Amino acid sequence: MNLDKYEKDFNHCLHCHLCYVANWHTIDGWMPICPSAAYFGFESFYASGRIEITRGIVEGKITEATDRLMKIIYSCTGCGACREQCHSLSGFKADHLQLFVDLKAKYVEEGELIAEHMAMIDGLKREDNVLGEPKEDRGKWAEGLDIKDINKEKVDVIFHAGCRLSYDKELWPIVRGAVTLLKDAGVDLGMAGAEESCCGGRVYEIGYLGEAKKYAEDLVGRVKASGATKLITSCSDCYDAFKRIYPALEQDMDVEILHITEYINRLIREEKIKPVKEVPMKITYHDPCHLGRISGVYNAPRSILHSISGIELLEMRRSKENSLCCGAGGGVMEAYSDFTMWTAKERIIEAKETGAKAIVTACPWCERNFKDAIKEMGEDFEVYDVIELLMQAI
Amino acid sequence: MKEGLNIIVCVKQVPDPEGPPSAFEVDSESKKVIPKGIPPVMSPFDENALEAALRIKDEAACKVTVLSMGKRLAKPVLRKSLAVGADELILLEDNSFEGLDPYWTAITLSSAIKRIGTYDLVLTGRQASDWNAAQVGPGISEILKIPSVTLARKVELREDGVIVERVLPNGYEVIKAPIPSLVTVSNELGDLRYAGIKEIKAVQNKPITTLCASDLKVDLSQTDQIKLLKLYPPVWDRKCNFIEGQDAQEIGVALALKLRVDKVV
Ligand code: SF4
Ligand code: SF4
């Protein structure tokens, strides 16, 4: 990976560190927003530090891939908070997220690999999922739901479950609920079952661009062959992969790509799904980075929550563009689990401060991470996906 | 099976051959293939060779040494050999090792093997996935003056020799070779066992030996006998013809005729 293309950008980073904090005008206060900067403290762990490291590499001043350097580069969750802040407040024009991925890709190409990521890639190559779970078990979450197989039948809408939701049994109610809602609303729905593969988004984010492209090509080919008009997913990471990463890998699909919350919200507006039961609950909503800040989907999940009577939605101080990452993204959960846990706990503390009794999200990686954090904290606090709450109202 | 034997496995670091075609950029100017977005890996047939060694080690205590050479080797990638069970990793690293042809590669590896001194079996993959030359294994055996058996699908080390099942187009033959011998291993032997995070992390700080050209006393001043004249990606010319006709039968007949004319059938 040639990083020279960023040469002209380096001087535009003013080291103002505005990328470290949430927008103080909106939230009326000074709160950190870059998890890696907040946890590790040193500037090298800020976006500006990683930009400076890239400069050092381009100028030939950094030549050795020390363990410390690897840790700095790989402890970015790819949450996009720095880009959001910097582009609206400061003068750095390059895409921070792409720069950090390219930086990782450089080291991947050189074989300077993180042990945990090597194991993940080995598992992915064997089983076509980032959790290294058996490939043949991939479609098990949908057993008994009678969903069409897109490898055999033409469908209008493809449902892509993603790796986490396919294998994390505790989260199966999210996907089972989602497809049940769609089927009941009369949607002509299909899935690839055991033939579904990873979207490749996670491995793109850790710099394995070639591996990501392989999975993107496979998925795009499958979608094209299906004749579907829509691709739906309940995973925010997969959604971002389809919308942002695939075009970056020159893989385009001529279908409408929707996150489940966008599609369900549409079906509620069309009165094909009717939340009728009251769900009395004080909740707060956590914007998954890949769905919210990176993709700009803030309203659909909130709109679904507002359509359920009894729900009282209390916003955290850091929400929407200012949302704090759950800590699980960018390969950090796999490599630096202590840091991931710390970030998730910070978020849970903030969620509790709203007075809510539960944190609601729309991404299985966030939900898994929050569940684990709450368990470690010994807190009495619930985590739901938007769809799980909606199911209670049907 | 005999105990206490020494097995040396030669492993080449190559760009991941499982990457998509777009990951291999051919630079005709510098006559190099530039990998993009893919990590280096151990060449898959060399992984089969390492697996062969580990299967022998599963049966009887022996020492497995992995040897790799190159200009700049990716230690995390090659350390995987230790994570799966190899005992020692020796890296031959030197600027002069870049782009050596199979002959000089075999000379360099043989020097390292001689330096190690005691060995009962040398294993290599049947060929490397980058250039597919399949020359280095037999080359080492010539230089070391030991017998070689190619294309193994099973390797067994006994007191009195090495028993090799050698792949044939329609089956396999069983060959017995003396100790020491060199065996090149084919994919039919089976995939390299899996290393989990625990195993990979456990060997992260395990010492590895690095040797350079002067340590090996190899003179690489005249390595330019083989010259790569041209390197280019194949050019595919695609033409799409539509066969016209009134109905399916007429189109079918026209298609058959066209295929006959074009000498496809
Ligand atoms: S906000 Fe932008 S310009 Fe300022 S330190 Fe961060 S990356 Fe650099
Ligand atoms: S993407 Fe997130 S974790 Fe990475 S530097 Fe930016 S704000 Fe920090």
Side-chain angles (χ1 to χ4, degrees), chain A residues 1-2 63-67 70 74 101-128 131-132 200 203-221 245 248-251 331 333-337, chain B residues 11-25 27 30 32-44 47 51 68 70-84 89 91 93 130 190-206 208:
Chain A
M1 174 59 66
N2 190 348
T63 50
E64 209 188 323
T66 60
D67 289 348
M70 290 293 100
Y74 280 94
V101 164
D102 287 350
L103 188 54
K104 292 174 187 171
K106 171 197 153 57
Y107 285 106
V108 166
E109 284 173 2
E110 289 176 11
E112 297 294 352
L113 310 174
I114 304 278
E116 290 81 356
H117 293 170
M118 285 173 75
M120 177 163 80
I121 294 291
D122 276 356
L124 176 68
K125 283 183 168 185
R126 273 198 336 271
E127 306 290 354
D128 288 335
L131 301 167
V203 292
Y204 181 87
E205 292 201 307
I206 60 170
Y208 287 73
L209 309 190
E211 200 62 24
K213 185 156 187 176
K214 240 170 52 186
Y215 282 95
E217 281 172 351
D218 177 74
L219 199 134
V220 167
I245 296 175
L249 291 168
E250 294 160 354
Q251 297 299 310
M333 185 190 212
E334 292 79 4
Y336 309 110
S337 52
Chain B
V11 170
K12 184 174 185 183
Q13 177 185 308
V14 296
D16 187 354
E18 289 175 27
S22 58
F24 301 89
E25 197 179 288
D27 182 0
S30 64
K32 278 186 181 155
V33 178
I34 300 159
K36 299 245 170 208
I38 48 169
V41 295
M42 296 196 268
S43 181
E47 285 201 346
E51 177 59 27
S68 189
K71 181 185 170 191
R72 195 171 166 209
L73 293 167
K75 291 170 190 71
V77 173
L78 294 161
R79 268 185 197 280
K80 197 174 131 188
S81 61
L82 298 172
V84 288
L89 175 60
L91 303 182
E93 250 184 335
D130 50 358
D191 290 340
L192 178 63
R193 60 200 59 191
Y194 175 61
I197 296 174
K198 225 170 82 195
E199 291 83 17
I200 298 175
K201 288 196 98 153
V203 298
Q204 262 183 335
N205 296 317
K206 196 169 172 180
I208 45 183

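The structure displayed is predicted, hence computed values, not measured ones.
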**OP:** Specify which of B:Gly37, B:Ala74, B:Gly19 makes the most heavy-atom pairs with chain A at under 4.5 Å.
**Re:** B:Gly37
**OP:** To the nearest 0.5 angstrom, please state how far the CD1 atom of B:Ile38 sits from the NZ atom of A:Lys214.
**Re:** 9.5 Å
**OP:** Would you name the heavy atoms of B:Pro39 and A:Tyr208 that are closest together and state the gap between them?
**Re:** CG-CE2, 3.7 Å
**OP:** Flag yes if more than 12 heavy atoms outside A:Asp67 fall under 6.0 Å of its CG atom; otherwise flag no.
**Re:** no
Original post:
So does A:Arg126 have more than 12 non-hydrogen atoms from other groups sitting under 6.0 Å from CZ?
Top reply: yes
**OP:** Calculate, to the nearest 0.5 Å, the distance between atoms CE and CZ belonging to A:Met118 and B:Arg79 respectively.
**Re:** 10.5 Å
Original post:
Minimum heavy-atom separation for B:Ile200 to A:Ala115, with atom names?
Top reply: CG2-CB, 3.4 Å
Original post:
A:Glu211 versus B:Glu18: any side-chain heavy-atom pair under 4.5 Å?
Top reply: no
**OP:** Nearest 0.5 Å please: distance from the CD1 atom of B:Ile197 over to the NE2 atom of A:His117.
**Re:** 9.0 Å
Subject >> Spacing of CD1 belonging to B:Ile34 relative to CG belonging to A:Asn2, to within rounding of 0.5 Å >> reply: 10.0 Å
**OP:** Sort out for me which of B:Ala23, B:Gly196, B:Pro40, B:Ala195 touches chain A most, counting heavy-atom pairs under 4.5 Å.
**Re:** B:Pro40
Original post:
Is it the case that more than 12 heavy atoms not belonging to B:Lys206 sit under 6.0 Å from its NZ atom?
Top reply: yes
Original post:
If you take all heavy atoms of A:Gly210 and B:Pro20, which pair is closest and at what distance?
Top reply: O-CD, 3.1 Å
**OP:** Under 4.5 Å heavy-atom distance to chain B, tell me which part of A:Glu250 shows up: side chain, backbone, both or neither.
**Re:** neither
Subject >> Sub-4.5 Å side-chain heavy-atom contact between B:Lys80 and A:Asp122 >> reply: yes
Subject >> Under 4.5 Å from any heavy atom of chain A - which part of B:Asp191 >> reply: neither
Original post:
At a heavy-atom separation under 4.5 Å, does A:Lys125 approach chain B through its side chain, its backbone, both, or neither?
Top reply: side chain
